[in-house]
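So the structure is just underneath, and the comments pick up after that.
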Protein chains: 2
Amino acid sequence: MRIGELAHKSGLTTSKIRFYERIGLLKAVDRRSNGYRTYSSQAVTILGLITTAQRAGFTLDEIRALLPSDLTRWDHATLMDALTRKIADIEALQARLTQSRVHLLRLIEDIQARPDDMDCAANAHRVLTNMLAEHPEALDVTSDDIRLLDATDRRQSVSSGRRKKTASR
Amino acid sequence: MRIGELAHKSGLTTSKIRFYERIGLLKAVDRRSNGYRTYSSQAVTILGLITTAQRAGFTLDEIRALLPSDLTRWDHATLMDALTRKIADIEALQARLTQSRVHLLRLIEDIQARPDDMDCAANAHRVLTNMLAEHPEALDVTSDDIRLLDATDRRQSVSSGRRKKTASR
DNA sequence: GCTAACGTTGAACATAAGTTCAACGTCAAG
DNA sequence: CTTGACGTTGAACTTATGTTCAACGTTAGC
């Protein structure tokens, strides 16, 4: 079959198929005398496999490293290893997303917890201070800086509890 | 303070800080007569805020849209809306990661479940058939999802799996 | 006055996964 | 023989988030 039919059968665009060939991902391609590419029905399977692997979180580079030229000759050990590591990656990512989500939820709560007697500006400052104090990892916010931040508006800064301390530098 | 000190205090590189300024994200900058940038301590806060928001899955574009020039004057409604939607995004992504993880686990099981009397080639074919049969329809991963992913981790794409029949064993 | 550390700029480069385009070739039908 | 659908190529473009580089200016200390 020619590229248009393969595109139709695989649900991919012709440009994507040609791109996969260009980067050495799809080698199951022949040429007719007129220069046209021809594919066997195996190509549909391979493209389906690539798409599936991509959805499972593999990059095209990873897929290329795993995909054998002969679909019946997989590198069993390498494949299982890659699958296992990908699962670990996913789990790590899930943990981070959970953290992110909790952080956002806490932020929403914190914003809504504005004391009745506090104006918006002061509340913004309170929330901001809490938030930055909560995530000192990347930020070299010294306690001096926190105090400096507080100093820009001396209203009450109701802490929602946990305020981590940063190492001074 | 000059850019070097700001970089040090914020934990970012000077090139990143200049980049943020270039794209209109960091407007809190003045110039001395010699052309040097100078920053107030507010800039540290703003950069911390940007970093935190990025970790929570916001793009720089989104952050720019939300970040007020005056840190005490937030658009409350817009902000809360953005936070709420970002949480929903995260939850959707988590659901898909779970699907992806389950799919990979099932694939590993399936590969290991090779009948004693089946050779590797036939097993490869069996597993492949099962797997492709499991993904009959294309489920799109939007660029939005990818971006949220990238924000928390460097490059791991995502999938969603569809339930299936357990075929020829 | 020299040197080192710091600052400035615009432009190019990097990544991943493609898309788009112009200019051209092939082929079947009318 | 013309038209339209399909195919070919290489190069440039895309998005997001920066980094790197060359060439140059500024400043503090010796």
Side-chain angles (χ1 to χ4, degrees), chain A residues 1-26 29-39 43 47 49-65 67 89 138, chain B residues 1-26 29-39 43 47 49-67 86 89 138 140-159:
Chain A
M1 89 192 80
R2 290 178 308 179
I3 198 168
E5 190 182 347
L6 178 60
H8 188 246
K9 280 189 180 161
S10 65
L12 307 182
T13 59
T14 59
S15 69
K16 193 175 283 201
I17 293 170
R18 278 190 281 251
F19 171 71
Y20 285 170
E21 180 186 344
R22 213 170 64 216
I23 64 172
L25 192 49
L26 180 61
V29 50
D30 253 330
R31 294 294 185 131
R32 303 191 75 91
S33 50
N34 59 10
Y36 285 17
R37 292 168 177 81
T38 58
Y39 304 90
L47 288 180
L49 201 49
I50 290 171
T51 302
T52 302
Q54 244 188 321
R55 279 207 297 263
F58 290 88
T59 65
L60 297 185
D61 266 359
E62 289 172 322
I63 296 169
R64 179 175 39 213
L67 203 61
D89 287 352
Chain B
M1 86 191 84
R2 291 178 307 178
I3 198 169
E5 190 182 348
L6 177 61
H8 188 241
K9 281 191 179 159
S10 65
L12 306 182
T13 59
T14 59
S15 69
K16 194 174 283 200
I17 294 170
R18 279 190 280 248
F19 170 70
Y20 285 170
E21 180 186 344
R22 212 170 68 220
I23 64 171
L25 191 49
L26 180 61
V29 50
D30 253 329
R31 296 292 184 132
R32 303 191 74 94
S33 50
N34 59 10
Y36 286 17
R37 291 168 178 82
T38 59
Y39 304 89
L47 289 180
L49 201 49
I50 291 171
T51 302
T52 302
Q54 245 187 318
R55 275 207 301 262
F58 289 88
T59 65
L60 297 184
D61 267 0
E62 289 173 321
I63 297 169
R64 179 175 39 213
L66 290 171
L67 203 62
K86 193 55 66 183
D89 287 353
D140 291 342
V141 172
T142 70
S143 40
D144 255 10
D145 296 327
I146 299 291
R147 195 205 38 59
L148 194 116
L149 250 176
D150 283 346
T152 45
D153 194 28
R154 279 299 141 204
R155 192 58 228 175
Q156 271 162 48
S157 213
V158 153
S159 95

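Chain A is the first sequence line, chain B the second, and so forth, proteins listed ahead of strands; every chain is numbered from 1.
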Is there a side chain to side chain contact (heavy atoms under 4.5 Å, CB included) between T13(B) and F19(B) once you walk through the steps?
CA-CA 10 Å; T13(B) 59; F19(B) 170 70; over 6 Å; no

Any heavy-atom pair between the side chains of I23(A) and D61(A) that's under 4.5 Å?
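No, every pair of side-chain atoms sits at 4.5 Å or beyond.
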
For the [atom1] atom of [X] and the [atom2] atom of [Y], what is their distance to the nearest 0.5 Å?
{"X": "E21(B)", "Y": "I17(B)", "atom1": "CD", "atom2": "CD1", "answer": "10.0 Å"}
{"X": "I3(B)", "Y": "L12(B)", "atom1": "CD1", "atom2": "CG", "answer": "10.0 Å"}
{"X": "R2(B)", "Y": "L6(B)", "atom1": "CZ", "atom2": "CG", "answer": "12.0 Å"}
{"X": "L47(B)", "Y": "K16(B)", "atom1": "CG", "atom2": "NZ", "answer": "10.0 Å"}

Which sits closer to the 5' end of DNA chain C, T38(B) or Y36(A), going by the nucleotide each is nearest to?
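Of the two residues, T38(B) wins.
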
Map T14(A) and N34(A) onto DNA chain C by nearest heavy atom, then report which one ends up closer to the 5' terminus.
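Result of the comparison: T14(A).
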
Are the side chain of K86(B) and the backbone N or O of F58(B) linked by a donor-acceptor pair below 3.5 Å?
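Judged by distance alone, no pair lies under 3.5 Å.
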
Please report the distance, rounded to the nearest Å, between [atom1] in [X] and [atom2] in [N].
{"X": "Q54(A)", "N": "dA16(C)", "atom1": "CD", "atom2": "C1'", "answer": "10 Å"}
{"X": "F58(B)", "N": "dT17(D)", "atom1": "CZ", "atom2": "C1'", "answer": "18 Å"}
{"X": "D30(A)", "N": "dT8(D)", "atom1": "CG", "atom2": "P", "answer": "13 Å"}
{"X": "I3(A)", "N": "dC6(D)", "atom1": "CD1", "atom2": "P", "answer": "13 Å"}
{"X": "H8(A)", "N": "dG7(D)", "atom1": "NE2", "atom2": "C1'", "answer": "18 Å"}
{"X": "I63(A)", "N": "dG18(C)", "atom1": "CD1", "atom2": "P", "answer": "9 Å"}
{"X": "M1(B)", "N": "dG7(C)", "atom1": "CE", "atom2": "P", "answer": "12 Å"}
{"X": "R2(A)", "N": "dT8(D)", "atom1": "CZ", "atom2": "C1'", "answer": "13 Å"}

Nearest heavy-atom neighbours spanning Q54(B) and I63(B):
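It is N-CD1, 3.8 Å.
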
Can you name the nearest heavy-atom pair linking T14(A) to G4(A), along with the distance?
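Closest heavy-atom pair between T14(A) and G4(A): CG2-CA, 4.3 Å.
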
Counting just side-chain N and O atoms, does [X] come under 4.0 Å of either OP1 or OP2 of [N]?
{"X": "R37(A)", "N": "dT9(D)", "result": "yes"}
{"X": "T13(A)", "N": "dT19(C)", "result": "yes"}
{"X": "R64(A)", "N": "dA16(C)", "result": "no"}

Nearest-nucleotide comparison on DNA chain D, the residue closer to the 5′ end among E5(A) and S15(B)
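Mapping each residue to its closest nucleotide by heavy atoms, the 5'-most match is E5(A).
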
What is the nucleic acid contact for R32(B), judged by heavy atoms within less than 4.0 Å: base, sugar-phosphate only, or nothing?
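It contacts nothing in the nucleic acid.
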
Between residues 16-23 of chain B and DNA chain D, which residues have a heavy-atom gap below 4.0 Å?
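Within residues 16-23 of chain B, the residues near DNA chain D are K16(B), F19(B), Y20(B).
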
Enter the inter-axis angle for the ends of the helix from dG1(C)-dC30(D) to dG30(C)-dC1(D) (five pairs per end, rounded to 10°).
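Inter-axis angle at the termini of the helix from dG1(C)-dC30(D) to dG30(C)-dC1(D): 30°.
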
Taking everything shown except R31(B) itself, do over 12 heavy atoms lie less than 6.0 Å from its CZ?
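Yes, because the 6.0 Å sphere around CZ of R31(B) holds more than 12 heavy atoms from other groups.
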
